[in-house]
K.L.:
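Sharing a structure below in structure tokens format, with a few things to ask.
Any value given below was found using the heavy atoms of this structure, including those in side chains, with hydrogens, waters and symmetry copies removed. Throughout, a chain's letter reflects where its sequence line sits, starting with A, and its residues are numbered from 1.
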Amino acid sequence: MTEYIKLIDLTKCTGCRACQVACKNWNDLPAESTGFTGSLQNPADLSYNTWCLIRFDEIQNGSGMNWIMRHDACMHCEWPACVKACPSPGALVRTDTGAVVHDPNYCIGCKACTAACPFDIPRYSAEQEKIAKCTLCYDRITDGRKPACVTACPTGCLTFGSKAEMLSKADARAAEVQGVVYPRNPKYRTNVLYIMPRAIDVAQLQHTNPNPKMPTTILWWKNLFKPFTLIGMGAVAGAAMLHYMVRGPHEPHGPEKKEGGE
Amino acid sequence: MTNHWNDIQHADVIMILGSNAAENHPISFKYVNLAREKRGAKLINVDPRFTRTSATADKYARLRSGTDIAFIGGMINYALQQGRIQKDYVVNYTNAAFLVNPDFKGPADLDGVFSGLNGNKYDKATWSYQLDENGVPKKDTTLQDPNCVFQLLKRHYARYDMETVCKITGGDSKEYEEIYDLYTSTCSPEKSGTIMYAMGTTQHTYGSQNVRAFAVLQLLLGNIGVAGGGINALRGESNVQGSTDHAALFHILPGYLQAPKASQQTYQKYLEDNTPKNSDPKSVNWWGNYPKYATSLLKAWWRDVDPEKSYDYIGKYDDDVNYSTIPIIEQMASGKIKGLFCWGQNPAVGCPSTRLVRRALAKLDWLVAIDLWETETAAFWQPEAGVDPASIKTEVFLLPAAASMEKEGSISNSGRWAQWRWKATEPPGDARDDLYIMSELVHRVKHLYEKESGVFPEPILSLSWDYAKAGMDPSAHHPDPREVAKEINGFFLKDVVINGTAYKAGQMVPSFALLQADGSTCSGCWIYCNSVTDTENRLMRRDNSDPTGLGFYHNWAWCWPVNRRIIYNRASVDLNGKPWAKDKPVIWWDGLKKTWLGDVPDGGGAPGAVHPFIMVNHGHGQLFSPGMTDGPFPEHYEPLESQVPNLLSKQQESPVIARYDKAVQEKVCDPMLVEGAAACVFGSPDKDRFPIYCTTYRVTEHWQAGQMTRWLPWLGELVPHMFVEMSEELAKEKQIRNGEVVRITSIRNQEGILAHAMVTPRFKPFTVNGQTLHQVGMLWHFGYKGRVTGAIANDLTPLVGDANTMIPEYKAFLVNIEKVRR
């Protein structure tokens, strides 16, 4: 199976939000009842029913003005913290396409992934007692199609292709616009990449993480405590076995005296 | 559009003004981005506010709403002063060299007006050319004669110096200079620049002149007829081009033929008035064929009636009366119009002064609304509209309509491509498509006339209507849109021989060059002649091969006229037939085969044999345009409602704009109309009560008057509320916080409307003539029906229109804003 990358070229986004609607359309997600948010960004945040959101940031640099519209959805990490954190096998899986998908049948609603994700992507529904997020349209890409958001994008901002092709495309485009590729971190790779415009630093944008990494707590827990716990559990079981072999089965105590009996 | 959406990719510089294309024409940005990526093109955006288009532009500058002519006039002046013009193009292809009547005087001489002003009308006698003995305009190809168009133009725009321009627009001279320099760099024959515009340009009392200013600039730079050039009106609806081609306007018949006037009582007189004569052998003067097209149209409508007679069947409009939107409202309000068909329109939200519109609707005897959902117009009598239903006498019929994917037919896009669309699914419930509704109406009215007769029954009884002759049976077969396409193209009515070729009755006419004035052909819309042949409906073609590599796709659908993809393409080559731009040739002359290659060329003959602008009388692009109502050169005036005096002349607003306030107050004395017309705030005490400029616009997420999008959950989720955008400075002054509810009032609506404040640094106050002016902007999508609802912005707009077209001035008027204290 090919590994894919979705490339988001922020120099080309016009904030039309076709991707946001296409996502709801393909994934059959209901509209939220929204209020006035004070900007065009609506709904205000990602949610169980909103997996993709255009975020609008008005940034004044000196006398100049930048208005950045950013397609925000799951980054599909190569080494996903959500998968690492998830205690229920099969509820969150990184597939060999690069897509990190969730399966509601196995989700136990523990919210471990929501705390672990460096990009704050998975969202919990108290009503459903499950999480949901962008799947990179796993059901489309394994059928030879592009994700719904990419197909809907009219301006060429969203593109999708094989990992090798998109990595070189990203580098070439970043050089052309004198911007940077984000997150292009050898220690933290994702299957979604952004071309950031020259004038903008990623830290100036809402809901971004300039230095994404696997949370240390997860590493401690999963790599250290979890083995220790397992060792501990094994040790308890082993000790019990040893006890059994050495001391034999537990003998029942003598007949209990019944107080006030005969 | 003179060019096509996909032709934008060939531009070297793209200028978007009077449009928020990124927002309202998102697909256009596919081609804008292609031009930038493939050609290194630069994008300029000029707008009163910082929009989604501005956000992606390479150069952005501001101008106060309604000052486009000052901005473009400044650029024309810059081009002329710096010699940034395509000289050969200007001399040979435009009327720059024409000598004008020495009695012509312009605003430079007459302080803001042109010669011939009489009351609120121009006598255009002096707006004429000096003619030689053959009736051909005299020329000075050195462009030195003080009466030649070029010198007059230079003199006219010399007044638009940078300092004056910036004083008027409130823009920054450094930014303007950079933009002027960049855009006029397309004067090089190798380069082209395109102008993308929309309603921000047209919805002013001088909207037509705004477009004219673009035309003058583009002609000087040699940007018309070439790939990546043109003047590109981004049309607001997917088939609005088709609707104007087929005359959904009061003043034209299909194919842009003129609607007959009361003074043209005979067909002879009508043809004489509309058929221009020209004795210049190089001038194609295409409208010289007018009688062929008009006769073929009459024969399409009344096949068995002599055109002399069937001409009497068409209504004639009073010469001095206009029947566009504003006068329709006025005539409904004054009780002259008794019934209204509202077909896919929502005037209760979309027209100017909508409070007046809704009250005018209540004066109708009957109203038929045909739409996908119940619109505000169909529901003007309901409590949500703020009225007591018991007080409304109008009988309202709501006919559910089929949406575009639920019916078969064609649409014509902005680039004039007529494309067939097949039905994807059946309409829900009792919804019917427009063709069915229209055909049923015709049959039933005919039936009534047959049964009961009536006054002047002939036009109805003898109307040729072969579609679905079902009589009174509504379940009978449906009219076939493919048959309609044949009638639009036209066919021979009898066997004829033309230039040695025999054509049989019933055969499709192969091209409009073969339409006849003797009644032997019919054609429902002459510009579409050539779209359907005896063997194929070309609208259905889907061959996406592109041999020229320029994106013409000649075998994809069909484009009027005669499948020509870029009009005036004759101007894309020099007098020897060589393309100005070698890397994007539209047409070129093959000297060996003696033929043109590339796109379908405009006009026949060898290079240099004919003038390129075949649709205008003298064959030259018009820097000087005597046909306009309000002046042959675009001149800056202030919007009708303005806070500042006209800094260019003593003429405050255009002297000939269509306005009702005075006439209404003097004659009609209807308080309702007076309210709608109350405008002209400048110079009155009301100026201080309504100090803020306001403009209206759309967002990507909603569609026009909202009747198609406010019902859709996913779109309602994105923009659920009516809002008004304003600067941080104004918000501070008025103590308004972002998101708070504010009341906006105008002289026409002092109770005002409510909206959420969107306080943003994308709006900035203007400094004009030393005065600080605030501007706010509102959406006009909302109304009281649908899943998401909100106040109607047009409850505030003035009832005043452009002098040429009567398009309402939605884009610049005065309001006040206050915080709603709860």
Side-chain angles (χ1 to χ4, degrees), chain A residues 9-44 47 49-50 53-54 56-61 63-70 152-157 159 169 172-173 176-177 197 199-200, chain B residues 5 20-34 36-37 40 49-58 60 62 172 174-175 699-701 709 712-723 725 728 737-741 755-764 787-788 790:
Chain A
D9 185 347
L10 291 190
T11 65
K12 289 184 178 175
C13 181
T14 56
C16 75
R17 301 199 271 186
C19 53
Q20 201 176 320
V21 174
C23 175
K24 292 222 162 184
N25 188 353
W26 178 257
N27 294 301
D28 210 8
L29 300 171
E32 297 182 37
S33 172
T34 51
F36 184 73
T37 61
S39 93
L40 282 173
Q41 187 173 315
N42 220 337
S47 75
N49 288 324
T50 302
L53 176 70
I54 294 285
F56 291 79
D57 283 295
E58 293 170 340
I59 298 164
Q60 283 171 289
N61 291 337
S63 62
M65 167 96 204
N66 285 289
W67 195 16
I68 302 295
M69 297 105 192
R70 184 174 71 90
C153 178
T155 65
C157 165
T159 49
K169 182 175 172 174
R173 180 65 183 164
E176 194 181 327
V177 300
I200 296 299
Chain B
W5 296 104
N20 183 4
E23 181 126 31
N24 296 320
H25 300 90
I27 311 292
S28 68
F29 261 70
K30 175 176 176 180
Y31 301 106
V32 170
N33 283 342
L34 269 178
R36 294 207 275 182
E37 207 168 332
R49 59 201 177 101
F50 192 93
T51 66
R52 290 190 229 191
T53 305
S54 323
T56 166
D58 298 294
Y60 165 72
R62 299 183 331 132
D172 180 89
K174 192 170 154 284
E175 286 170 359
V699 290
T700 313
E701 294 80 1
T709 50
L712 301 180
W714 288 327
L715 297 179
E717 173 194 74
L718 297 173
V719 180
H721 290 293
M722 171 69 180
F723 61 79
E725 290 186 87
E728 289 167 338
R737 281 194 314 238
N738 191 22
E740 277 183 335
V741 174
H756 288 273
M758 188 184 280
V759 179
T760 167
R762 292 179 288 104
F763 271 65
K764 292 270 178 231
R787 278 177 63 103
V788 292

K.L.:
What option among E176(A), M65(A), R173(A), M69(A) has the most heavy-atom pairs under 4.5 Å with chain B?
P.N.:
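Ranked by heavy-atom pairs under 4.5 Å with chain B, first place is M65(A).
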K.L.:
Say you draw a straight line from CG of N33(B) to NZ of K12(A); how long is it, rounded to the nearest 0.5 Å?
P.N.:
5.5 Å
K.L.:
Report yes if the side chains of T50(A) and E717(B) come closer than 4.5 Å at any heavy-atom pair, otherwise no.
P.N.:
yes
K.L.:
Specify which of A55(B), A22(B), P720(B) makes the most heavy-atom pairs with chain A at under 4.5 Å.
P.N.:
P720(B)
K.L.:
Does any part of the side chain of E701(B), heavy atoms only, come nearer than 4.5 Å to the side chain of N42(A), both counted from C-beta?
P.N.:
no
K.L.:
Who wins among A18(A), C153(A), G156(A), G35(A) for the most heavy-atom pairs under 4.5 Å with chain B?
P.N.:
G35(A)
K.L.:
Taking every non-hydrogen pair under 4.5 Å, which of M722(B), R787(B), R762(B), E725(B) racks up the most with chain A?
P.N.:
R762(B)
K.L.:
Please verify the inter-ring angle class for H721(B) with F36(A); under 30° counts as parallel, over 60° as perpendicular, anything in between as tilted.
P.N.:
perpendicular
K.L.:
At a 4.5 Å cut-off on heavy atoms, which part of L715(B) comes close to chain A: side chain, backbone, both, or neither?
P.N.:
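Answer is side chain: those atoms of L715(B) sit under 4.5 Å from chain A.
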K.L.:
Could you measure the distance from the CG atom of L34(B) to the OG1 atom of T155(A)? Nearest 0.5 Å is fine.
P.N.:
10.5 Å
K.L.:
Are the side chains of D9(A) and E37(B) in contact, using a 4.5 Å heavy-atom criterion?
P.N.:
no
K.L.:
Looking only at heavy atoms, which two atoms of R17(A) and V719(B) are closest? And how far apart?
P.N.:
NH2-CG2, 3.6 Å
K.L.:
Among G64(A), P154(A), C13(A), who wins on heavy-atom pairs under 4.5 Å with chain B?
P.N.:
P154(A)
K.L.:
Checking heavy atoms, do the side chain of P197(A), its backbone, both or neither come under 4.5 Å from chain B?
P.N.:
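For P197(A), neither part sits under 4.5 Å from chain B.
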K.L.:
How many angstroms lie between OG1 in T760(B) and CD in E58(A), if you round to the nearest 0.5 Å?
P.N.:
3.5 Å
K.L.:
Based on non-hydrogen pairs under 4.5 Å, which of Y60(B), Y31(B), F723(B) is most in contact with chain A?
P.N.:
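Between Y60(B), Y31(B), F723(B), the count favours F723(B).
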K.L.:
Count the heavy-atom pairs under 4.5 Å between each of Q41(A), Q20(A), E32(A) and chain B, then report the option with the highest count.
P.N.:
E32(A)
K.L.:
Of all of K30(B), E740(B), R737(B), which one pairs up most often with chain A through heavy atoms under 4.5 Å apart?
P.N.:
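Ranked by heavy-atom pairs under 4.5 Å with chain A, first place is K30(B).
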K.L.:
Determine whether a donor-acceptor pair (N or O, by modelled atom type, separation under 3.5 Å) exists between the side chain of W714(B) and the backbone of L29(A).
P.N.:
yes
K.L.:
Kindly compute the distance separating CD1 (I27(B)) from OG1 (T14(A)), expressed to the nearest 0.5 Å.
P.N.:
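Spacing of CD1 (I27(B)) from OG1 (T14(A)) equals 9.5 Å.
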K.L.:
Looking at chain B, which one of L40(A), T37(A), N66(A), I54(A) has the largest number of heavy-atom pairs inside 4.5 Å, strictly under?
P.N.:
L40(A)
